Protein chains: 2
Amino acid sequence: MNKSDDALSLDNQVCFALYAANRAVTARYRPLLADLDLTYPQYLVMLVLWEEGRVGALTRVSDLGRRLRLDSGTLTPLLKRLEERGLLNRQRISQDERVVTLALTDAGWALQKQARSVPQKLLCGVALQPERLQALRQELRAVLTALEGEAGSSD
Amino acid sequence: MNKSDDALSLDNQVCFALYAANRAVTARYRPLLADLDLTYPQYLVMLVLWEEGRVGALTRVSDLGRRLRLDSGTLTPLLKRLEERGLLNRQRISQDERVVTLALTDAGWALQKQARSVPQKLLCGVALQPERLQALRQELRAVLTALEGEAGSSD
DNA sequence: TCAATAAAAATTGTGCACAATTTAATTTCG
DNA sequence: CGAAATTAAATTGTGCACAATTTTTATTGA
């Protein structure tokens, strides 16, 4: 049996490539985010809050979950850590006491300034053309869409 | 500031696409692997052992780590679980007592038969052409190579 | 020789992910 | 109205990842 024919061969698995590449990218982020004292998932949460807060929207935990594809089991403890650090406040809304909304503090907004240089720094020293990365991003979005069965072109 | 220009926009981040796609793929695997009572990382370990055991090689924990880019902090407890389930044996070698080698049991080899249908089943119901997936795999390998600074075309 | 160094795996501790369940609030509908 | 169903978040428990340290064994070199 030829290795390149074998569906169980590690090297032939897109999924392993995805798994390994994801961890390699996250590892590349780690020292940059350490300067902000954030983990990668925490950084993603902050990205959403910076983006939605900018237009004056109040982000709910469920909104975050929809954007990041994470549930409350992951988000609740993560958000508590960010709250303890003083980056955001969590508050139930009076119209519906089940809902928790998230509001950035001044410290949370201040951190955005520091974070602006992260994407630039990340690409620095990586020998990959931006166009190629954008093509990859679109391919990955297509995979995500196909797997989720969603119309995912705008969110 | 235009959203599509914003480097801090979630939608523009290749890295988030990678993160989300990876989790979506793993989620797609989960029910298939549940039939084998394996997690995805456990499945990857078994793939390596099936592949290397086939040629009669004794796989070391360090070999696994190199292939999967995982350290002993991750592998040791995972391998202990697989050993407890009777899928493999861990044994230190006499030439160098620091080294732990892994040998599949009969049950470990038997599981390979069940696993053969997994790649097929995974693609079933996913509206993605195989050629496109292979192109994606190669792109991801290029990213991995660029990030690790390795010659990664053969392993 | 034997102390210093290096190497392999294990251990410890933190923080995700995610399934499953629980709690509390809201909505639906008979 | 008021019980049943639904929803949002929190909780509980398991299994990765990974940094940092420790333990054990092997190798090096003065």
Side-chain angles (χ1 to χ4, degrees), chain A residues 15-16 18-31 33-34 36-46 58-85 90-102, chain B residues 15-16 18-31 33-34 36-46 58-85 90-102:
Chain A
C15 313
F16 173 66
L18 204 48
Y19 167 82
N22 177 50
R23 287 192 299 121
V25 168
T26 306
R28 184 62 63 120
Y29 265 108
R30 203 165 292 120
L33 296 181
L36 314 184
D37 200 16
L38 291 177
T39 65
Y40 185 66
Q42 288 169 3
Y43 172 67
L44 292 177
V45 165
M46 295 303 288
L58 264 188
T59 305
R60 300 168 172 216
V61 172
S62 55
D63 296 334
L64 260 184
R66 211 171 358 265
R67 283 301 285 288
L68 302 178
R69 275 83 170 172
L70 293 171
D71 67 9
S72 67
T74 300
L75 289 174
T76 297
L78 188 159
L79 292 168
K80 282 183 177 175
R81 281 176 212 117
L82 294 180
E83 186 177 40
E84 274 177 24
R85 282 192 45 205
R90 295 154 67 242
Q91 188 171 6
R92 289 188 185 272
I93 62 177
S94 54
Q95 304 99 294
D96 187 340
E97 289 283 344
R98 292 170 303 182
V99 174
V100 171
T101 56
L102 306 165
Chain B
C15 313
F16 173 66
L18 204 49
Y19 167 82
N22 177 50
R23 286 192 299 121
V25 168
T26 306
R28 184 61 64 118
Y29 265 108
R30 202 165 292 120
L33 296 181
L36 315 184
D37 200 16
L38 291 177
T39 64
Y40 184 66
Q42 288 169 3
Y43 172 67
L44 292 178
V45 165
M46 294 303 287
L58 264 188
T59 305
R60 301 168 171 216
V61 173
S62 55
D63 295 335
L64 260 183
R66 213 172 354 267
R67 284 299 287 285
L68 302 178
R69 275 84 171 174
L70 293 172
D71 66 9
S72 67
T74 301
L75 289 174
T76 297
L78 187 158
L79 291 168
K80 282 183 177 176
R81 280 176 212 116
L82 294 180
E83 185 178 41
E84 273 177 24
R85 283 191 45 205
R90 294 153 68 242
Q91 187 171 8
R92 290 188 184 271
I93 61 177
S94 54
Q95 304 98 294
D96 187 340
E97 289 283 344
R98 292 170 303 182
V99 174
V100 171
T101 57
L102 307 164

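Values below: every heavy atom of this structure, side chains too, minus hydrogens, waters and symmetry copies. Letters go in sequence order (proteins before strands), and every chain restarts at 1. Since the model is a prediction, treat every value here as computed from it, not as a measurement.
- A close approach under 4.0 Å does not occur between any side-chain nitrogen or oxygen of A/Arg92 and OP1 or OP2 of D/dA9.
- In terms of phosphate contacts, B/Arg30 brings a side-chain nitrogen or oxygen within less than 4.0 Å of OP1 or OP2 of C/dA19.
- Rounded to an integer number of Å, the gap from CG of A/Leu68 to P of C/dA17 is 10 Å.
- Take B/Leu58 and apply the side-chain contact (heavy atoms from CB on, under 4.5 Å) test, not counting sequence neighbours, and it matches B/Thr101, B/Ala103.
- The side chain to side chain donor-acceptor pair (under 3.5 Å) search around B/Arg98 returns B/Asp96, not counting sequence neighbours.
- Listed by chain and residue number, nothing satisfies the salt bridge (charged side-chain N to carboxylate O under 4.0 Å, His left out) test with A/Arg30 (two or more places apart in sequence, or in another chain).
- Taking only side-chain nitrogens and oxygens, A/Tyr19 comes nearer than 4.0 Å to OP1 or OP2 of D/dA17.
- Between the CG atom of B/Leu38 and the P atom of D/dG15 there is a distance of 12 Å, given to the nearest Å.
- In this structure, B/Leu79 atom CG and D/dG15 atom P are separated by 14 Å, rounded to whole Å.
- Between A/Leu78 and A/Asp96, the one whose closest nucleotide on DNA chain C sits nearer the 5' end is A/Leu78.
- Applying the side-chain contact (heavy atoms from CB on, under 4.5 Å) criterion to B/Ser72, with sequence neighbours excluded, gives B/Thr76.
- Within the 4.0 Å cut-off from OP1 or OP2 of C/dC16, at least one side-chain nitrogen or oxygen of A/Thr39 is found.
- Distance B/Leu64 CG to D/dC16 C1': 15 Å, rounded to the nearest Å.
- Every residue two or more places apart in sequence or in another chain that forms a side chain to side chain donor-acceptor pair (under 3.5 Å) with B/Tyr29 is listed here: A/Gln13.
- Remark: P of D/dA17 and CZ of A/Arg28 are 20 Å apart, rounded to the nearest angstrom.
- For B/Val100, the side-chain atoms get nearest to C/dA10 when compared with the rest of C/dA10, C/dA17, D/dA26.
- Rounded to whole Å, the distance from CD on B/Glu97 to P on D/dT23 is 19 Å.
- The nearest heavy atom of DNA chain D to A/Ala24 and to A/Arg60 marks one nucleotide each, and the one closer to the 5' end goes with A/Arg60.
- The distance between atom CD of B/Glu83 and atom P of C/dA9, rounded to the nearest whole Å, is 14 Å.
- A close approach under 4.0 Å does not occur between any side-chain nitrogen or oxygen of B/Arg23 and OP1 or OP2 of C/dA17.
- Here D/dA9 presents its P atom at 14 Å from CG of A/Leu70, a figure rounded to the nearest Å.
- Residues forming a salt bridge (charged side-chain N to carboxylate O under 4.0 Å, His left out) with B/Glu83 (at least two apart in sequence, or on another chain): B/Arg90.
- Put simply, the side chain of B/Tyr19 does not reach to within 4.5 Å of the side chain of A/Thr26, judged on heavy atoms.
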Could you list all N or O pairs between the protein and nucleotides 1-7 of chain C that sit under 3.5 Å apart?
unit_1, atom_1, unit_2, atom_2, d
C/dA7, N3, B/Arg98, NH1, 3.4

Would you tabulate the pairs of protein nitrogen or oxygen atoms and nucleotide nitrogen or oxygen atoms of nucleotides 11-14 of chain D closer than 3.5 angstrom?
unit_1, atom_1, unit_2, atom_2, d
D/dT11, OP2, A/Lys80, NZ, 2.6

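- The shortest side-chain heavy-atom distance between B/Arg23 and A/Asn22 does not fall under the 4.5 Å cut-off.
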query = Would A/Leu64 and A/Leu79 count as a side-chain contact (heavy atoms from CB on, under 4.5 Å) if you check the C-alpha gap in whole Å, the side-chain angles of each, and the deciding distance to 0.1 Å?
reply = CA-CA 10 Å; A/Leu64 260 184; A/Leu79 292 168; 3.9 Å; yes
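- At D/dG15, none of the side-chain N or O atoms of B/Gln42 fall inside 4.0 Å of OP1 or OP2 (strictly under the cut-off).
- Here A/Asp71 pairs with nothing under the salt bridge (charged side-chain N to carboxylate O under 4.0 Å, His left out) rule; sequence neighbours left out.
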